[in-house]
Amino acid sequence: MAREYNFREIEQKWHRLWVEKQTYKVTEDAGRRKFYVLNMFPYPSGAGLHVGHPLGYIASDIYARFKRQQGYNVLNPMGYDSYGLPAEQYAIQTGQHPEKTTFQNIDRYREQLDKIGFSFDWNREVRTCDPGYYHWTQWAFQKMFGSYFCLKCQQAKPIEQLIQHFEQQGTEGITVAQTEELAFTAEEWRAWDEKRKSDVLMNYRLAFLGETMVNWCPKLGTVLANDEVVEGVSVRGGYPVEQKKMRQWCLRVSAYAQRLLDGLETIQWSESIKETQRNWIGRSEGTEVKFRIASSDETFTIFTTRADTMFGVTFMVLAPESELVQQVTTPEQRQQVEDYLRYVKGRTERERQIDHRVTGVFTGAYAINPFTGEKNPIWVSEYVLSGYGTGAIMAVPAHDSRDYAFARHFGLPIVPLIEGADVSEESYDAKEGIVCNSPAAGKTPYCSLTLNGLTVKEAIAATKKYVEENGLGRVKVNYRLRDAIFSRQRYWGEPFPVYYKNGIPTLIPESCLPLCLPHVESFLPTETGEPPLGNAQIWAWDEQKKQVVDKQLIDEENIFPLDLYTMPGFAGSSAYYLRYMDPHNETALVSAEADKYWQSVDLYVGGSEHATGHLIYSRFWNKFLFDLGISCREEPFQKLVNQGMIQGRSNFVYRIKDTNTFVSLGLKENYETTPIHVDVNIVKNDVLDLESFKSWRPEYNTAEFILEDGKYICGWAIEKMSKSMFNVVNPDMIVERYGADTLRLYEMFLGPVEQSKPWDTNGIDGCHRFLKKFWQLFWDKDGQLQLTDDEPSAESMKTLHRLIKKVTADIETFNYNTSISAFMVATNEWTAQHCTNRQVLSQAVALISPFAPHIAEELWEALGHDTSVCDAEWPSYDEKYLVESSVRLGVQFNGKVKFSMDFPADATPEQMVAQVLAADEAQRFLQEMQVVKTIAVPKRIVNIVVRP
RNA sequence: GCCCAGAUGGUGGAAUUGGUAGACACGAGGGACUUAAAAUCCCUUGACCAUAACGGUCGUACGGGUUCGAGUCCCGUUCCGGGCACCA
């Protein structure tokens, strides 16, 4: 009896042995080089895994196993991002408590993951909802609360240092990240009470309470961060989001804008994702210029990147939310302005984004252009945003399309400043050309500057210099990156380790962390924003006893209310890679030793949808911990690979209108039909299984079919993989039918890891067949190992070394699909060569081990090894097996291949050309031709250019 | 509007980075084995023309260019995907 490839038996056996032998347990080992591979950990959603989810895990597992075989000490951990909206929404939808659903879902995920044969070290598993884990999320928050950011040294510092500065000098001489620019003296500071001081410090802390406009989502009952809102609706659920002013915890991410930008130059991420982050950070170099309000001593500041256009300003515009609006509006215009502000307030964020209508109102006030002395009317318009720059602009309609539209609409003057710019139809926005129309030097008493004849770039530089030298303003860099709103009016998240002592937010002592999430029966969010934690009875802080107590005691001495908000999903996922280094440490997030050994993630694999969320927050968080001296590397993820999405391939049947008859794809044009999604699992190669279809749903019991060639052919389309399209393929089902090794191989064979591609189960047979063929290399007809120890044949060695070279190079570049093709070719060659050589086939097993670990273990054991194949040394190749004794070259005349010739492998181009020209076939061509030129490319081609 | 990435058979995708386009796999067609099915194996499979056999022409979204030679490099166009977007 031939020995069959019994994948079920093999895979079960090795899953058991890997657990028993702790094969994938990792410990720090100073004697070995480390390598840290990480996947973005999953949200354990209720739907379980479909075949798209493990794609990245398989890719990184292959890399991890490869590195391990190369002798690295590889950290390849896994865990669960189990706090936050997705987990909670699932709980709400199923009407169960998130505590319950989260753990159920985690178990289900684990069960599915275990079937695929990953080399995860589960001893290091982390869960963000575990108090032992969120201890350190809360701890980091407290550290941020206790820090400010020094802009001069570009570093976070303890807030005590800033307080000391205030005590001595007030705000004099500080250059720090802050919400708004405050100015006070040491005397003023010292005179303030604790509450006032606390409020002022919020202007500087890296984690602070801020009264800001937030994205409020009534349906989700919580505020959302900017990256959680797209086009005015929530990313989760697609519910409307409105702007609301609320007092919220925020993280001063913007302080790190420049470092976040600079760091991108030091890491190996795809250009597109770096570009996305650059856009999101939105650095913009410009100038702030002060304008005086006419007949007043008040001034206000605008921000512009086009300082060269100072002479083209014809009006000013304020954002409707700007406090200046109230200050400058004249009594005559007040009514109109009030009406306008009411109109703006009534517009939702979504309306504002979609509908860019030109609206605005004159305030009645004028601003004096410091360069010309001209009086420019001050308008209010919704096209100026309050949250960017200073919330006020100078309008240069000739060179800004938005100002142009506004000027046209309200009949304001347009003054062009660039030679040859025609602004009769549209503005000239390009930052190029020669500046004109600025007054000659000394022409106005206001300004000695002339820009005429300069390029735009030169003019900007000259104006900046002038502004600074004359105290008219300053050079300023603005960033679009906003501070992150850090609180959620939700239940399922980390509580803030903060209580309110006489209204002053106060940290609970570090030694009392973690502050555990209390159980509440009613965890549902409310549309009004009442936090569910308000339902917790035992939720007050006893300062004396240092513990959580019943909130009814709040009026007593030393007992204060605790914060009722929870942290957002990204809190727990921002530093989890550090925790994996030292997951059981109870005294620190990560010990200095563990951090020093593992450093940072060498290879991070995950979806590009986190570009402006997790991947920004994590970098911010790590930079902060770096400033604290906790993390030894400034960037957390050195190389990032973004796996593509696996799309679904849906199938359709075509029902003839008003009947229960279905017509095959090729004949559907003859009828009026409705396409209906049909479960892809009852379709094979687009042929419908009629019996399964009838029993799929009761209404199809009596279905009738119009077939072509006796078959029902379904239509198909590539769509998102989702339950509603019946195109979800479950990995468990594939593992059951073909085995985990086949699944792993096929997921990689589908195409490049970084590319999105549709899943089509039909192709999987090819990979399964390959594994069977590979298996059969080892066994004879009687099921005995058929290996020989003789000298391997030259051709089998050539096959082997070509394979080693190809696979080694491919793994490094994540081209797993071509590696697998190479395996298929090599296996066919060995079969044809009747290769049974132990030396050759042992190395083949070592090579295939990262891709198909179960079959590799089984064969490795059969070969007589008593160690796991995952510690088998990665084979190296020797070029000597790859050299060809002769080279067959195509010979071209005028670029067309005419014949081919064999040359010795070491022939020089000159020798080849000489030999070709001497050949009979060449002679025939050349009789009536003249050789113009000959080109020989070694090992490729000889080309001879001729003419009659 | 700006920025990034891409377009190759019926399908997923290869192509040594400027050197015989279509590797490998699926699907399809034909054949072998079998009572039959499954499994396995062999042949054909970019398009068109042609043949007993050979052979030829076209072909990597489209139009130009550089080159002895272009899927690959340059310029322009179209289409698809992604990011940013009244950001001054």
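Below, chains carry the letters A, B, ... as their sequence lines are ordered, and counting in each starts from 1.
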Nearest-angstrom distance from the residue atom CH2 of A:Trp280 to P of B:C84: 6 Å

Centroid-centroid under 6.0 Å between A:Tyr738 and A:Phe7 rings: no

Residue mapping more 5' on RNA chain B - nearest nucleotide basis, A:Met394 or A:Thr276: A:Thr276

Nucleic acid contacts of residues 425-433 of chain A, taken as heavy-atom distances under 4.0 Å to RNA chain B: none

Side-chain N,O (A:Gln755) to OP1/OP2 (B:G6) below 4.0 Å: no

Chi-angle category of B:G9 [syn within 90° of 0, anti beyond]: syn

Candidate nucleotides B:G13, B:C26, B:C86, ranked by approach to the side chain of A:Asn762 - the nearest: B:C26

Residue A:Met824, side-chain atoms from C-beta onward, closest of B:A88, B:A14, B:C24: B:C24

Side-chain heavy atoms of A:Glu747 within contact of A:Val51, under 4.5 Å: yes

Stem list, RNA chain B (Watson-Crick or G-U pairing under 3.5 Å, at least 3 consecutive pairs): B:1-4 with B:81-84, B:10-12 with B:24-26, B:27-32 with B:40-45, B:46-49 with B:55-58, B:61-65 with B:73-77

Parallel, tilted or perpendicular, as decided by the 30° and 60° cut-offs, for the rings of A:Phe406 and A:Phe315: parallel

Salt-bridge criterion met for A:Arg408 and A:Glu425 (N-O under 4.0 Å): no

Value in whole Å for how far the C1' atom of B:A85 lies from NE2 of A:His356: 8 Å

Closest heavy-atom pair and its distance - A:Phe749, A:Asn817: O-CB, 3.7 Å

A:Thr612 side-chain N/O to B:G83 phosphate OP1/OP2 under 4.0 Å: no

Sugar-phosphate, base or nothing in reach of A:Arg283, heavy atoms under 4.0 Å: nothing

A:Asn685 side chain near B:G27 phosphate (N/O to OP1/OP2, under 4.0 Å): yes

Under-4.0 Å side-chain N/O to phosphate OP1/OP2 contact, A:Lys772 with B:U40: yes

Spacing between A:Met748 atom CE and B:C24 atom C1', to the nearest angstrom: 16 Å

A:Pro758 side chain, from C-beta outward: closest of B:A88, B:C86, B:G12: B:G12

Same-atom distance (C1') from B:C74 to B:U66, integer angstrom: 7 Å

A:Tyr388 side chain near B:A88 phosphate (N/O to OP1/OP2, under 4.0 Å): yes

Value in whole Å for how far the P atom of B:G13 lies from OH of A:Tyr746: 10 Å

A:Phe823 side chain near A:Leu771 side chain, heavy-atom distance below 4.5 Å: no

Which nucleotide in B:C24, B:A88, B:A14 has an atom nearest any side-chain atom of A:Asn817: B:A14

Protein-nucleotide distance (A:Asp403, atom CG; B:G1, atom C1'), rounded to Å: 16 Å

Beyond-backbone contact of A:Thr309 with A:Asp400, side-chain heavy atoms, under 4.5 angstrom: no

Whole angstrom value for the distance that separates C1' of B:C84 from CD of A:Glu271: 15 Å

Separation of atom CZ in A:Phe291 from atom P in B:A88, rounded to whole Å: 17 Å

RNA chain B: 5'-proximal contact among A:Asp765 and A:Arg649 (nearest heavy atom): A:Arg649

Chi-based syn or anti call at B:U16, which uses purine or pyrimidine torsion atoms and a 90° bound: anti

Distance between C1' atoms of B:A36 and B:A47 (Å, rounded): 39 Å

A:Asn478 vs B:A88: side-chain N/O to OP1/OP2 distance below 4.0 Å: no

Inter-nucleotide C1' distance (B:G9, B:C86), Å rounded: 47 Å

Interatomic distance where NZ belongs to A:Lys464 and P belongs to B:A88 [whole Å]: 13 Å

Qualifying residues under side chain to side chain donor-acceptor pair (under 3.5 Å), relative to A:Gln647, sequence neighbours excluded: none

OP1 or OP2 of B:U40 under 4.0 Å from side-chain N/O of A:Arg769: yes

Shortest side-chain distance from A:Ser821, nucleotide among B:A88, B:C41, B:A23: B:A23

